[in-house]
Structures are given as structure tokens and as C-alpha cells.
There are 2 protein chains.
Amino acid sequence: MINEEILRNIKKHISLTEKETSFFISLITAKSLSKKALVLEAGQDCRYLSYVATGALRSYYTDKDGKESTIMFAIADWWITDMYCYLNKKPAMMNIETLEQSTIFQISRTNFDELLEKVPKFEKFFRILMQNAYTREQLRVMENLSSTAEERYQSFLIKYPQIVKQVTQKQIASYLGITPEFLSTLRKPKV
Amino acid sequence: MINEEILRNIKKHISLTEKETSFFISLITAKSLSKKALVLEAGQDCRYLSYVATGALRSYYTDKDGKESTIMFAIADWWITDMYCYLNKKPAMMNIETLEQSTIFQISRTNFDELLEKVPKFEKFFRILMQNAYTREQLRVMENLSSTAEERYQSFLIKYPQIVKQVTQKQIASYLGITPEFLSTLRKPKV
DNA sequence: CGAATTTCTTAAGGTACCTTAATTTTTTTT
DNA sequence: AAAAAAAATTAAGGTACCTTAAGAAATTCG
């Protein structure tokens with residue numbers, strides 16, 4: 001059964017009784033999505049937090065000039081949403097799209113609140129999830145401030161080898177904050 | 001009593017019984033620090049999470065060339081540490097220093113673990129703390145990727161007016177990822 | 001208070017990365 | 001398998017931001 005994946009993800013950090021497990025399952029919805037499907041559109045209410053079972057998603061921000069900046073990639077076993085807007089009921093700032101055919105599980109904000117209230121154990125799970133997300137972003141800020149584009153690219157290759165296989169260079173460039181043209185010159189063997 | 005501050009901070013998100021309150025108080029230590037005191041040194045074990053009661057602290061990363069990047073500022077009512085290293089028992093990557101005479105409360109990693117275990121309510125508190133920290137960092141990444149230095153500076157002035165009063169331009173520049181010289185040209189009225 | 005230190009400013013020359021545009025390669029769609 | 005679309009490469013010219021350096025202003029400290 002495909003639910004296995006998401007349950008294993010949760011049981012990495014907390015253990016659940018059968019009752020809690022089935023309650024959790026009752027709060028999530030599975031979705032099968034084709035490539036290039038828009039999971040969240042900027043300006044809309046961000047109602048869902050998504051867990052990626054298979055495939056790959058990308059969240060990105062489009063600025064006033066139409067330039068896209070990739071905020072994050074989410075491949076199998078990652079969670080993704082526009083967290084600020086999901087939690088604070090603000091219109092989404094980001095878009096989220098599938099990069100390939102994907103299967104995801106979603107939990108609505110309402111069900112998320114209910115889950116935390118009825119099974120406080122999930123506070124711990126999400127505390128750890130947020131903690132990991134926070135430290136990951138902080139490290140990214142640190143690297144962005146202190147390294148050159150070339151160093152950041154090399155570091156990305158080492159840190160996310162699986163993502164590298166699933167996304168285009170154009171998307172990696174927009175995650176690193178450089179143009180695809182410049183990334184191309186970085187990749188070019190020197191001499 | 002000076003404890004009031006930190007308790008009010010916690011009670012914004014969870015309510016505590018008297019017993020829980022005194023248990024929490026027993027786990028924290030107050031420290032009074034003069035200006036330019038080193039609260040954490042890169043390479044050392046990051047044993048404490050600090051709450052700033054009064055004053056101002058700054059965490060920063062020093063790269064191989066000696067260039068400093070400010071990771072965050074913490075003024076009154078903020079929490080600060082090298083979170084990744086605190087949680088994962090890794091040697092600190094960052095330094096943390098006071099920018100003025102400050103009073104802080106610290107909780108050691110051991111006591112932090114004990115607190116979460118004995119008073120699970122704190123899972124919720126730290127879930128929210130991490131959640132806010134995560135969304136703040138993600139927004140910063142988004143801005144860093146999509147805005148010019150001038151836009152980021154203006155946004156900083158609006159977002160953190162109190163911090164602006166307590167830190168130097170050199171420190172703001174290193175938070176924005178630019179040189180103080182360039183920040184100076186940005187500030188100069190244009191004709 | 002005065003001396004020392006640090007911060008801020010200004011300016012000239014330099015570089016990492018961008019823009020535009022054209023070509024090639026790869027992927028997607030029919 | 002052909003046609004269309006998207007991604008990747010290459011290159012020339014441009015700009016945002018950096019480096020170095022020196023003087024002015026502000027802050028710290030004896």
C-alpha cells in the first residue's frame with residue numbers, strides 16, 4: 001500500500017498507535033498528478049501541505065519582472081508548501097508545480113489543526129520537521145552570503161545528488177540565484 | 001522580576017501551570033554580558049539556546065578569507081543560537097557576540113531535552129518557534145534571490161526598525177551580503 | 001576630556017555575473 | 001519518426017557590486 005511511505009516518514013520521529021495511524025490516514029488525501037501540474041498558484045489560498053510519495057515538485061517565486069526564483073525542490077519523502085501562507089492563511093506568494101508525474105499526499109490546514117489538537121504527539125513530529133527546515137534554510141542563507149556561484153553549484157551537486165538527476169539546469173540555476181547561461185559557463189571544463 | 005519577560009514570551013503560545021513554570025525556571029540560567037562578549041565561538045560545542053531579555057546579539061559566519069556574514073540579529077524577546085549545531089551536537093559554525101550590554105537566559109541542550117520530555121507542551125512552543133524561524137529564513141532566501149541590494153536594504157529598514165537603531169551599517173551590510181562601502185553609496189541621496 | 005579605535009563616506013578601477021541573441025542539443029508531442 | 005518546443009551552449013557587450021585606499025565622522029575608552 002502506498003500509505004506506507006508517509007507513515008514510515010512519520011515513524012522516523014514519533015510512534016503511533018493503530019488508532020492514531022488510522023486517524024491520521026483519514027485526514028490525508030492522495031493525489032496523482034501529471035507533469036507540469038500546478039499544485040499551488042500564487043495569490044490563491046494555500047490550503048495544503050503536501051508530502052511527495054513519488055516524483056518531484058518545485059516551489060518558486062515570480063517577481064514583478066517575471067523572473068522565477070526556485071525556493072525549494074521536493075522529491076520523494078519531502079514535504080512542501082508555501083509554509084508562511086499555509087500557516088498564516090495568507091494568499092500564496094509562491095507557485096508549486098510538478099516537474100514530472102508525481103504522487104502526493106495532502107493535509108488541509110483544517111485537518112492539520114485538528115491533527116495537532118487531537119494527537120499532540122504530532123507537535124513533536126512537526127517541531128522536528130520545522131527544525132530541519134529552519135536549519136536547512138539558515139545554512140542556505142549562510143552559503144548564499146559567503147560563497148561564489150561556482151562554490152554553491154558544487155555544494156548543491158554534493159548535497160542533493162538525487163535532485164540533480166530529476167531537475168533541469170535551468171531550475172538549478174534559479175535555485176542558486178544565477179542565470180542558466182552563467183551556470184553553463186561554470187560547468188564548462190576550464191582549458 | 002526579570003524572568004517575567006521570558007515567561008511572557010512562552011505564554012504567547014502555550015499556558016503553563018505553576019509547577020511547570022517553576023520547573024522551566026529551574027532549567028534556565030540568567031547571564032549579564034558586557035558589550036562585545038563572545039557568547040559562542042565557532043569550533044566549540046554549541047551548548048546553549050539563548051533568549052535575549054535586554055540588549056542585542058549577532059550570529060555570524062567567518063569564511064576562509066576572514067569575511068564575516070551576519071546570519072541573524074537578536075534583540076529583546078528573540079531567541080538565538082547556532083541551531084543546527086545545538087540540535088545535532090556539531091561544533092559551532094558561527095560566532096555569537098553581544099553588540100551592547102545584554103541580559104540573556106540560556107537553556108542547555110541537556111535541559112532542553114529534559115524539558116521537552118517532561119513537559120511535552122513545550123513541543124508546541126518550539127514547533128511554533130521553529131516554524132516562525134523557518135518561514136522567516138525562507139522569506140529571506142526568496143528576497144535574496146529576487147531583489148537587488150537596494151531593495152533588500154529598504155525592506156530591512158521597514159521590517160526591522162528596532163534592529164536598525166541598535167546595530168551599525170557595517171553589520172547590516174554583512175547581513176544583506178554587501179560591503180559597507182556599497183551600502184554607503186546606496187544610502188546616499190541621488191542628486 | 002583627549003587619544004585611539006572603529007565606522008562611514010567617497011572615488012577609481014576591477015570582476016562576477018547579467019543581458020541579448022544566435023546555434024545546437026535534448027525532450028516532448030503528434 | 002517527424003515536428004515542435006524547451007533546454008543548453010557560446011559569445012559579445014553591459015552593470016551591479018567589489019576592492020583598495022584615503023579622509024572624515026562618530027564612538028569608545030583611558
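Each chain gets a letter, A, B and so on, in the order the sequences are listed, and its residues count up from 1. FYI, side chains are in, hydrogens and waters are out, and symmetry mates aren't considered; it's all heavy atoms of this structure. Note that the structure is predicted; figures quoted are calculated from it, not measured.
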Self-check item: Interatomic distance, B/Phe182 CZ vs C/dG13 C1' [rounded to whole Å]
Solution: 16 Å
Quiz item: Could you give the NZ-to-P distance, from A/Lys35 to C/dT29, as a whole number of Å?
Solution: 7 Å
Practice problem: Starting from C1' on C/dA16, measure out to OH on A/Tyr153 and report it in whole angstrom. | Solution: 18 Å
Quiz item: Is the charged tip of B/Lys31 near the ring of B/Tyr48: under 6.0 Å from the six-membered ring centre and within 45° of its axis?
Solution: yes
Quiz item: Looking only at side-chain N and O atoms, does B/Lys188 come under 4.0 Å of OP1 or OP2 in C/dA11?
Solution: yes
Quiz item: Does D/dA7 pair with anything, Watson-Crick or G-U wobble, both distances under 3.5 Å, and if so, with which nucleotide?
Solution: C/dT24
Self-check item: Audit row: B/Glu20, B/Lys121, salt bridge (charged side-chain N to carboxylate O under 4.0 Å, His left out) steps and yes/no
Solution: CA-CA 10 Å; B/Glu20 287 162 350; B/Lys121 223 182 272 183; 2.7 Å; yes
Quiz item: Rounding to a whole Å, what distance do you find between A/Glu150:CD and C/dT15:C1'?
Solution: 14 Å
Exercise. First locate atom CD1 of A/Ile28, then atom CG of A/Asn3, and finally report the distance between them rounded to the nearest 0.5 Å.
Key: 5.5 Å
Quiz item: Are there more than 12 heavy atoms of other residues, nucleotides or ligands under 6.0 Å from atom CZ of B/Arg136?
Solution: yes
Practice problem: Examine D/dT27: is either OP1 or OP2 under 4.0 Å from a nitrogen or oxygen in the side chain of B/Lys36? Give yes or no. | Solution: no
Quiz item: What is the ring orientation for B/Tyr51 with B/Phe105, classed by angle as parallel under 30°, tilted 30 to 60°, or perpendicular over 60°?
Solution: tilted
Quiz item: What is the distance from CG of A/Leu145 to P of D/dC17, rounded to the nearest Å?
Solution: 14 Å
Quiz item: Can you tell me how far P of C/dC18 sits from CG of A/Asp63, to the nearest Å?
Solution: 13 Å
Practice problem: May I ask you to list the residues of residues 154-181 of chain A, by number, that have any heavy atom positioned under 4.0 Å from an atom of DNA chain D? | Solution: A/Thr168, A/Gln169, A/Lys170, A/Glu181
Self-check item: Electrostatic pair A/Arg109:A/Glu114 at N-O distance under 4.0 angstrom
Solution: no
Quiz item: Distance check: side-chain N/O of B/Arg187 vs OP1/OP2 of C/dC8, anything under 4.0 Å?
Solution: no
Exercise. Begin with the C-alpha distance, continue with both residues' side-chain angles, and end with the deciding distance and a verdict on salt bridge (charged side-chain N to carboxylate O under 4.0 Å, His left out) for B/Lys35 and B/Glu100.
Key: CA-CA 4 Å; B/Lys35 188 169 180 171; B/Glu100 54 187 71; over 6 Å; no
Quiz item: To the nearest angstrom, how far is B/Leu183 atom CG from D/dA16 atom P?
Solution: 16 Å
Exercise. Give the rounded distance in Å between these two atoms: CG of A/Leu99 and P of D/dA7.
Key: 10 Å
